[in-house]
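Just follow the structure's listing: the first ligand is 1, and inside any ligand the first atom is 1. In this text the structure is predicted, and so the values were computed from the model without any measurement. Numbering starts at 1 and runs along the sequence shown. We use all heavy atoms of the structure for the numbers below, so side chains are in, but hydrogens, waters and symmetry mates are not.
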Amino acid sequence: MLLGVNIDHCATLRQARYRHLSPNEFPYIEPDLLQLTLLCEKAGADGITAHLREDARHIQAIDIQRLQENISTRLNLEMACTDEMCRFALEIKPKSVCLVPENREEITTEGGLDATRQIDRVRKVTAKMNAAGIETSLFIDPEPRQIEIAAKIDAPCIELHTGAFANNYHIPSTMRAELSKLQIAARLGNELGLKVNAGHGINYINIVEILEIPHLHELNIGHSIMSRAMINGIEEAVQTMRQLMNPSGN
Ligand code: PXP
């Protein structure tokens, strides 16, 4: 299973101090997102994920440009399903985009994209990305109707939202019920020919149950890796997660 490291929280830390400066305006700006990213790659990250929000509260457009120009793995741009973001993605040409819902008040992405409510919009963006050779993934809750729509609109990939599972990890019966939804969703996605990824709230403990979900191609993990990196360093954090994801070897 592949590991996409979400680096948004590194930018959150930077913006907490240097919000008033552009990342390339000031030479000592820290933490340096690109430096962290290159260390993630050195430690075995298979891809780098970053979310350019409408309010650019953490990742800035210039970060995405620098990442795209300098990384040696691949860039997965998380973005809202808007015309503006679509134009930006077509200009930058990341390897893939992940369409996420966006709510200005939320601290991080709270729920999956409700593809059932905006089929035409999601279909239009997906078609534009497909035509440009950019793989589109829909970040959706593990609900059969969302997965069926993803297949119907020719999205090649889905990312199953593991937040409900992770948030209920301390309540075993609910956690198991959420895990079961993820298993069913992953099977359905695979049957419908979709590449199945997963993300949100995955950490060094709940990865054990995540491994019970079939057909997973890649996990996108941010918060837990960045948190561990503060104590153990980013290379150990990435290496350890990748090993836990692939207990019988890579
Ligand atoms: N996948 C998507 C689509 C996300 O928006 C995020 C960040 O909220 C993640 C994965 C990573 O989540 P976390 O930081 O909880 O690991």
* **Numbered atoms of ligand 1 (with element) below 4.0 Å of N220, judged on heavy atoms** => 10 (C), 11 (C)
* Numbered atoms of ligand 1 (with element) below 4.0 Å of I221, judged on heavy atoms -> 16 (O)
* Asked: So is G201 in contact with ligand 1, going by heavy-atom distances below 4.0 Å?
  -> yes
* To do: Flag yes if L192 and L113 sit in one hydrophobic cluster, no otherwise; membership is Ile, Leu, Val, Met, Phe, Trp, Tyr, and two members link when side-chain heavy atoms are under 4.5 Å apart.
  => yes
* Is it true that L211 and I184 fall in one hydrophobic cluster, defined by side-chain heavy atoms closer than 4.5 Å? -> no
* Would you mind running through ligand 1 and noting each atom that sits below 4.0 Å from a heavy atom of H223? => 13 (P), 14 (O), 16 (O)
* Taking heavy atoms and a distance under 4.0 Å, where does H161 meet ligand 1: side chain, backbone, both or neither? -> neither
* Asked: Under 4.5 Å between side-chain heavy atoms, hopping through other hydrophobics if needed: is there a path connecting I205 to I225?
  -> yes
* Residue portion contacting ligand 1 (non-hydrogen atoms closer than 4.0 Å) for E78 -> side chain
* Any idea which atoms of ligand 1 are less than 4.0 Å away from a heavy-atom of H200? -> 8 (O), 10 (C), 12 (O), 15 (O)
* Could D55 and R53 be called an ion pair, given the rule that one side-chain N must be under 4.0 Å from one carboxylate O? -> no
* To do: Fit a plane to each ring of F139 and H161, take the angle between them on a 0 to 90° scale, and name the class: parallel (under 30°), tilted (30 to 60°) or perpendicular (over 60°).
  => parallel
* Is there any N or O on E159 that sits under 3.5 Å from an N or O of ligand 1? -> yes
* Structure fact -> The reported gap from CG in N246 to CD1 in I207 (rounded to nearest 0.5 angstrom) is 8.5 Å
* For G222, is at least one N or O under 3.5 Å away from an N or O on ligand 1? -> yes
* Residue selection (non-hydrogen contact nearest atom 7 (C) of ligand 1) among N6, L160, V100 -> N6
* Point-to-point distance, once rounded to the nearest 0.5 Å, from CZ of R123 to OG1 of T136 -> 13.5 Å
